[in-house]
J.: 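Sending over a structure as structure tokens; questions will come in a sec.
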Protein chains: 2
Amino acid sequence: MYDLFFQKFREKVPLSVEEEQQIKSYLTPKKLRKRQYLLQEGDICKTLAFVEKGALREYSVDNGSEHIIQFAVEGWTISDLFSFLTGEPAIYNIDALEDSELILITRTAHEELLQTQPKYETYNRVLITSAYVALQRRLTASISLSIEERYTNFTTMYPDIAQRVPQHMIASYLGLTPETLSRARKKMTTRK
Amino acid sequence: MYDLFFQKFREKVPLSVEEEQQIKSYLTPKKLRKRQYLLQEGDICKTLAFVEKGALREYSVDNGSEHIIQFAVEGWTISDLFSFLTGEPAIYNIDALEDSELILITRTAHEELLQTQPKYETYNRVLITSAYVALQRRLTASISLSIEERYTNFTTMYPDIAQRVPQHMIASYLGLTPETLSRARKKMTTRK
DNA sequence: CCGTTTTATTGACAAAAGTCAATGGTTTTT
DNA sequence: AAAAACCATTGACTTTTGTCAATAAAACGG
């Protein structure tokens, strides 16, 4: 159940068996059915969620239309970090796109681990740093690339997600309507 | 010269005088004239730069047009983090919008500090975490808000920057042409 | 100072993207 | 197996944004 979590952890920071056991004692497994919410806008985000299996999305809703800001598949962590850290109400929703298995870390667990387990802090720092870099690249893409480029960028970066997720959600992730993405794809195939 | 740096540091993580001295020994001051580059696309980004005084921008250029991805004024840190961490060539340029005074941390200094000074690691983690949260909010705004909302958002979030920086750079930061921003502003004032 | 450069605005027009509605093909549910 | 829900595509049309060009004001540098 915790295999992937510790595999990913060790890729970033090596761990002894004892350390692994100590950290494991802070983790909670959770299963989520397709379409179930992990978090709803307005609630306080109580946990970080690591995806052992399945796929989730994080999105905001603004007068009726959804804007996906992140996908998470196996090996990824998802949360409304701002809400998690500050205790303010979440501005995002998170729900499952497939039946999923998660590993949850509550805020108190997170804080105790930061205090008591230096390797957890290091892991956390490395994790958030690469998330930041990825997000910065994504923002650059969204500001400077054409729709076609953004789409190809996405499919080559995350071929896995591109296959598992309906196209209109990718459109939403890219900040487009489904129609516009459909037409962009058509243009791409007729020319290529 | 290092006042603001340690003030910001202590806001996040308290420091003893000795710790401050130890960290200080890893820092290098640098002055930059207006329009001077701190980093050019293609070069390796050698440092993190904390802004003690002045203002800088980070931007990418793609066939002729510039896209500003970040501003940094007093108290902010700026860098091409990906290039800094991996040693790959930078995809961004950084230059000074005003005469500026910076505090630089080289990659080796950064790594030694991470190893030897737990509080530096904590500071770093907290810093990058809030940078991540801010970036996520910005991305959400850029995907889900109208131009008017994005602009008001920016000016209320960073009134200081909005005043110091020419309008066409704000347009670039928001992913717009200067003309479009100018017209959006006009619409806002006539209605309000 | 005075000339040059930068900056913001505006107009006319073109291109890009969104909206609405319809269709046909899937998948899901019962 | 049939009905319902979901999904991708397409067409006609509207709205939004970009492009190019001109102008005037402001800032800057010698």
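Given the structure is predicted, the values throughout are model-derived calculations rather than measurements. Within every chain, numbering begins at 1; the chains are lettered A, B, ... in the order of the sequence lines, protein sequences first and strands thereafter.
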J.: Could you tell me whether the side chain of A:Q167 and the main chain of A:P178 form a donor-acceptor pair under 3.5 Å?
T.: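 The answer is no, because no donor-acceptor pair under 3.5 Å joins these two groups.
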
J.: Hey, is the main chain of B:F50 close enough, under 3.5 Å, to the side chain of B:T77 for a donor-acceptor pair?
T.: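 Here the side-chain-to-backbone pair does not exist.
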
J.: Is any side-chain heavy atom of A:T106 less than 4.5 Å from a side-chain heavy atom of A:K46?
T.: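 Side-chain contact under 4.5 Å: no.
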
J.: Among residues at least two apart in sequence or on other chains, which ones pass ring-ring contact (aromatic ring centres under 6.0 Å, His included) with B:F154?
T.: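 Checked B:F154 against ring-ring contact (aromatic ring centres under 6.0 Å, His included); matches are B:Y158, B:Y173.
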
J.: Is a salt bridge present between B:D95 and B:R57, judged by a nitrogen-to-oxygen distance below 4.0 Å?
T.: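 Between B:R57 and B:D95 there is a salt bridge, with a charged N closer than 4.0 Å to a carboxylate O.
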
J.: Tell me, please, the opening and closing nucleotides of DNA chain D, 5' to 3', among those with an atom under 4.0 angstrom from a non-hydrogen atom of chain A.
T.: D:dC6 to D:dA12

J.: Tell me which pairs pass salt bridge (Lys or Arg N to Asp or Glu O under 4.0 Å) where either residue lies in residues 163-179 of chain A, with sequence neighbours left out.
T.: A:E74-A:R164, A:E98-A:R164, A:D160-A:R164

J.: Please list every donor-acceptor pair under 3.5 Å in which a side-chain atom of residues 8-16 of chain B meets a protein atom from a residue at least two apart or in another chain.
T.:
| unit_1 | atom_1 | unit_2 | atom_2 | d |
| --- | --- | --- | --- | --- |
| B:R10 | NH2 | B:E20 | OE1 | 2.3 |
| B:S16 | OG | B:E18 | OE1 | 3.3 |
| B:S16 | OG | B:E19 | N | 3.1 |
| B:S16 | OG | B:E19 | OE1 | 3.2 |

J.: When the C1' atoms of the five terminal pairs at each end define the local axes, what inter-axis angle does the helix from C:dC1-D:dG30 to C:dT30-D:dA1 show, to 10 degrees?
T.: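 Comparing the first five pairs with the last five, the axes sit 60° apart.
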
J.: If we only count heavy atoms from C-beta on, is the A:W76 to A:V73 side-chain gap below 4.5 Å?
T.: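 A side-chain contact under 4.5 Å exists here.
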
J.: Check whether A:S172 reaches the backbone of A:I68 with its side chain - one donor and one acceptor, N or O, closer than 3.5 Å.
T.: yes

J.: Could you encode protein contacts along nucleotides 4-18 of chain C as a string, one character per nucleotide from 5' to 3', using B for base contact, S for sugar-phosphate-only contact and - for no contact, with a heavy-atom cut-off of under 4.0 Å?
T.: --SSSSBBB----SS

J.: Going by the side-chain contact (heavy atoms from CB on, under 4.5 Å) test, name the single residue among A:L102, A:V51, A:I105 that passes it with A:F5.
T.: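 Of all the options given, the one that passes is A:I105.
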
